[in-house]
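Every heavy atom of this structure was used, including side-chain atoms; hydrogens, water molecules and symmetry mates were not.
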Amino acid sequence: MLSRLAWALLVIVLIVLLLPYLLVPLYRVATPVSTLMLARWLTGRGVERNYMPIDRLAPALPVAVLVAEDDRFCAHHGIDWQEIHAALQEADSIGAARGGSTITQQTAKNLFLWPGRSFVRKALEAPLALWIDLVLPKRRIMEIYLNIAQWGPNGQFGAEAGARAAFGKSAANLDGREAALLASILPNPLRRSARRPGPGVRRLAGIYQVRARGASTLAGCLAARSEPHSL
């Protein structure tokens, strides 16, 4: 009896671990949701999200997010080993090294894992990020990230909900400053506000707006392609 229970538990664990790898190819065309969105639904809290294909978003937004979150997004393969090496070189110890997850890693976390910092989550996140980068085009990864990232404290997920909450307009109509403000609050949308930005958010937005103007070489992988995406 105990042996059968152990085998059943093992099978369940394997299914849970393998399911994300089976789902990723489907996300070339399917509309994904994040674990945080699912958690809010399951606990009866509201979720505001209107999925927007990347070609309907203001062009300034993906570029602003790229320069803010992961300026080597087009160059790495899901994990920025160069950035990790630099972080370890600057830190006094491995434990003191700064985080710096790539957009692909954040997409993996948002789709399949949980928030917070732990070695277990990072261990699960890394191979998922490599798999996502292998299976999905860069432009599609960015599109998914922009539509599942949390962009407000009251259940706003995705750029469209974030733009409407902050500026009362569609993410299709953002200007460069507004895009930079939204990019500036991504690390902590529960405490930072694009609608009423504090001095720190305004300073970051100014930096990101300037960087975005000269980011054409960094953002080449975001150019329109023929890959399918969901509507």
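Annotation: side chain to side chain contact (heavy atoms under 4.5 Å, CB included) contacts of Ala58 (sequence neighbours excluded): Leu174. Not counting sequence neighbours, the partners of Pro189 by the side chain to side chain contact (heavy atoms under 4.5 Å, CB included) test are Gln150. Checked against side chain to side chain contact (heavy atoms under 4.5 Å, CB included), Leu22 has no partners two or more places apart in sequence or in another chain. Scanning for salt bridge (Lys or Arg N to Asp or Glu O under 4.0 Å) contacts around Arg195 gives an empty result, with sequence neighbours left out. Contacts of Asp133 classified as salt bridge (Lys or Arg N to Asp or Glu O under 4.0 Å), with partners at least two apart in sequence or in another chain: Lys138. For Glu48, the salt bridge (Lys or Arg N to Asp or Glu O under 4.0 Å) test picks out no residue, with sequence neighbours left out. For Gln156, the side-chain hydrogen bond (donor to acceptor under 3.5 Å, both in side chains) test picks out no residue, with sequence neighbours left out. When the salt bridge (Lys or Arg N to Asp or Glu O under 4.0 Å) test is applied to Arg164, the partners found at least two apart in sequence or on another chain are Glu160. Partners of Asn147 by side-chain hydrogen bond (donor to acceptor under 3.5 Å, both in side chains), not counting sequence neighbours: none found. Partners of Ala75 under the side chain to side chain contact (heavy atoms under 4.5 Å, CB included) rule, at least two apart in sequence or in another chain, are Arg72. For Arg121, the side-chain hydrogen bond (donor to acceptor under 3.5 Å, both in side chains) criterion is met by Glu125, not counting sequence neighbours.
The two atoms that bring Tyr51 and Arg140 nearest to each other are OH-NH1, 2.8 Å, heavy atoms only. In this structure, Lys109 and Trp114 approach most closely via the heavy-atom pair CG-O, 3.6 Å. When all heavy atoms of Glu178 and Asn173 are compared, the closest pair comes out as OE1-O, 4.1 Å. Residues Ala159 and Leu61 approach most closely at CB-CD2, 3.4 Å, considering heavy atoms. Between Ala129 and Ala108 the shortest heavy-atom distance is N-CB, 4.2 Å. Considering all non-hydrogen atoms of both residues, Leu182 and Ala194 come closest at CD2-CB, 4.0 Å.
Leu134 has its side chain out of reach of His77: every pair of non-hydrogen atoms, C-beta onward, lies at least 4.5 Å apart. Taking 4.5 Å as the limit, some side-chain heavy atom of Leu36 sits within range of a side-chain heavy atom of Pro115. Within the 4.5 Å cutoff, side-chain heavy atoms of Leu146 are placed close to those of Trp151.
Between Ile132 atom CD1 and Ile103 atom CD1 the span is 12.5 Å, to the nearest 0.5 Å. Note: Leu111 CG to Ser34 OG = 7.5 Å, rounded to the nearest 0.5 Å. Distance CE/Met142 to CG/Leu222: 5.0 Å, rounded to 0.5 Å. Atom-to-atom distance recorded for Ser170:OG and Leu57:CG is 8.0 Å, nearest 0.5 angstrom. Rounded to the nearest 0.5 angstrom, Ser118 OG and Leu113 CG are separated by 9.0 Å. Separating the CG atom in Asn110 from the CD1 atom in Ile148 is a distance of 4.5 Å, to the nearest 0.5 Å.
A donor-acceptor pair under 3.5 Å is absent between the side-chain atoms of Arg49 and the main chain of Met37, judged by distance alone. No donor-acceptor pair under 3.5 Å is formed between the side chain of Arg40 and the backbone N or O of Val47. A donor-acceptor pair is defined here as one N or O able to donate and one able to accept, closer than 3.5 Å; such a pair exists between the side chain of Gln105 and the backbone of Thr102.
For CZ of Arg177, the number of neighbouring non-hydrogen atoms (other residues, nucleotides, ligands) closer than 6.0 Å is 12 at most.
Linking ILVMFWY residues whenever their side-chain heavy atoms come closer than 4.5 Å, directly or via other members, places Leu26 and Ile141 in the same cluster. Phe157 and Met52 sit in two unconnected hydrophobic clusters of ILVMFWY residues. Membership requires side-chain heavy atoms under 4.5 Å apart, directly or through other members. Taking hydrophobic clusters as Ile, Leu, Val, Met, Phe, Trp and Tyr residues chained together by side-chain heavy-atom distances below 4.5 Å, Val120 shares a cluster with Leu17.
The aromatic rings of Tyr21 and Trp131 are tilted relative to each other, their planes meeting at an angle between 30° and 60°.
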Exercise for the section: Kindly indicate, with the supporting measurements, whether the criterion side chain to side chain contact (heavy atoms under 4.5 Å, CB included) is fulfilled by Val33 and Trp41. Expected result: CA-CA 11 Å; Val33 297; Trp41 280 323; 3.9 Å; yes

Exercise for the section: Begin with the C-alpha distance, continue with both residues' side-chain angles, and end with the deciding distance and a verdict on side chain to side chain contact (heavy atoms under 4.5 Å, CB included) for Asp70 and His76. Expected result: CA-CA 10 Å; Asp70 182 7; His76 62 66; 2.8 Å; yes

Practice task
Test side chain to side chain contact (heavy atoms under 4.5 Å, CB included) on Thr104 and Ile79 and set out the steps.
Solution key: CA-CA 7 Å; Thr104 315; Ile79 297 176; over 6 Å; no

Exercise for the section: Please step through side-chain hydrogen bond (donor to acceptor under 3.5 Å, both in side chains) for the pair Ser101 and Lys122, ending with a clear verdict. Expected result: CA-CA 10 Å; Ser101 293; Lys122 281 293 183 182; 2.6 Å; yes

Exercise for the section: Apply side chain to side chain contact (heavy atoms under 4.5 Å, CB included) to Leu186 and Tyr145, showing your working. Expected result: CA-CA 11 Å; Leu186 268 177; Tyr145 179 64; 3.8 Å; yes

Could you list the donor-acceptor pairs under 3.5 angstrom formed by side chains in residues 201-218, with sequence neighbours left out?
| unit_1 | atom_1 | unit_2 | atom_2 | d |
| --- | --- | --- | --- | --- |
| Arg202 | NH1 | Pro197 | O | 2.7 |

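Glu143 and Tyr27 form no side-chain donor-acceptor contact under 3.5 Å, judged by distance and modelled atom types alone.
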